[in-house]
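First comes the structure, then the notes that go with it.
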Amino acid sequence: MTEDLRAMGPDAGRSAVTGDVYDPRTILFHWLTAALVALQWVGAHYIDAFPRGPLRVDARATHICIGVALIGLLVLRLAWRTTRGRRLPAVAWAPARYLAVATHWLLYALLAAVLVAGVANTWIRGDSLFGLVKIPSLAPGDTALRHQVEEVHELLANTLLIVAGAHALAGIAHEVILRDRTLRRMWPAARPR
Ligand code: HEM
Ligand code: HEM
């Protein structure tokens, strides 16, 4: 297998050869983000299942608070990545490597866009956080704008989920079919060989 990977290009299968893994903080940031994004997407679809009134307001406030935590997490993650976080070359032959890198940046961009649209959504509609903090509406009574921003937020969230799903399948295919340790190097229990 190692010989196959070497035949694909100079950096191909580098982790298969060296046994590189990401550092624990990068791994923590990655999986915490993935778990919270999944929780947000599923949870958002249950907000309207609560009866109108305080319960629905609290469900929305929970969605907003987890969203704000994700903003903090993304900032910390990017700060770590650009300073001390370990970066590994994508393990694949050249064209697929560009696709992997482009997908990773698309994921960061989509995540940032969903979060910004979520904040805009909250500010335009106005809200209450568990009855403790009141967020005034920036466009009171403008239901058309409110619906538009809500739709943009939902569309971006759905796109993020689709791209993340394709990215996850690619990671699994690398591990199971190409056996180049791509998934294992982002796995919490991974140890350098
Ligand atoms: C990756 C993070 C996020 C994901 C995946 C996500 C996903 C979604 C989805 C799918 C909906 C539409 C639910 C529906 O009506 O069927 C929604 C609604 C909403 N989101 Fe997010 N969201 C995220 C982050 C945020 C953030 C950061 C905020 C605000 C700070 C936010 C505020 C809202 C609000 C206010 C609604 C409208 C809820 C309602 O009226 O029922 N979201 N979100
Ligand atoms: C919402 C969910 C997810 C998001 C937003 C996401 C985002 C990302 C991003 C941005 C990177 C690039 C890291 C960097 O270089 O800074 C990455 C790497 C990676 N992700 Fe995800 N991911 C998600 C879910 C998953 C899932 C479910 C899997 C596996 C089943 C997975 C497997 C991997 C692997 C193996 C890498 C390392 C790839 C490499 O080193 O070439 N990710 N992810």
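Counting convention: from 1, in listed order, for ligands and their atoms alike.
Ligand 1 has a nitrogen or oxygen under 3.5 angstrom from a nitrogen or oxygen of His153. By the 3.5 Å distance cut-off applied to N or O atoms, Arg125 is counted among the residues near ligand 1.
In this structure, atom 38 (C) of ligand 2 lies nearest to the protein heavy atom His104 CE1, 3.7 Å. Protein heavy atom in closest approach to atom 13 (C) of ligand 2: Tyr108 OH, 3.7 Å. Here the protein heavy atom with the shortest distance to atom 28 (C) of ligand 2 is Trp31 CH2, 3.4 Å. Among all protein heavy atoms, the one lying closest to atom 35 (C) of ligand 2 is Thr182 O, 3.3 Å. Closest to atom 15 (O) of ligand 2 among all protein heavy atoms lies Arg81 NH2, 3.1 Å. Taking atom 40 (O) of ligand 2 as the reference point, the nearest protein heavy-atom neighbour is Tyr22 OH, 2.5 Å. Shortest contact from atom 27 (C) of ligand 2 to any protein heavy atom: Ala168 CB, 3.5 Å. Residue, atom and distance of the protein heavy atom nearest to atom 7 (C) of ligand 2 are Leu107 CD1, 3.6 Å.
Taking backbone and side chain together, His30 holds an N, O or S atom under 2.8 Å from atom 21 (Fe) of ligand 2.
Contacts between Leu161 and ligand 1 below 4.0 angstrom, taking non-hydrogen atoms only, are absent altogether. Under 4.0 angstrom from ligand 2, the non-hydrogen atoms of Ala164 all belong to its side chain. Contact annotation: for Ile66 versus ligand 1, there are no heavy atoms closer than 4.0 Å.
One finds the OG1 atom of Thr103 at 8.5 Å from the NE2 atom of His167 (value rounded to the nearest 0.5 Å).
Cluster membership check: Leu39 shares its hydrophobic cluster with Leu156, using side-chain heavy-atom separations under 4.5 Å among Ile, Leu, Val, Met, Phe, Trp and Tyr. Both Leu73 and Leu78 are members of a single hydrophobic cluster when ILVMFWY side chains are connected at heavy-atom separations under 4.5 Å.
Looking at His174 and Asp180, their side chains do bring a donor and an acceptor atom within 3.5 Å of each other.
The residue among His167, His174, Arg185 with a heavy atom at the shortest distance from atom 17 (C) of ligand 2 is His167. Heavy-atom proximity to atom 4 (C) of ligand 1, evaluated over Gln40, Arg56, His45, is greatest for Gln40. Selection from Met186, Arg77, Arg97 by nearest heavy atom to atom 9 (C) of ligand 2 gives Arg77.
Taking the N/O/S atoms of His63 in turn, the shortest distance to atom 21 (Fe) of ligand 1 belongs to NE2.
Heavy atoms of Leu88 come nearer than 4.0 angstrom to ligand 2 in no pair at all.
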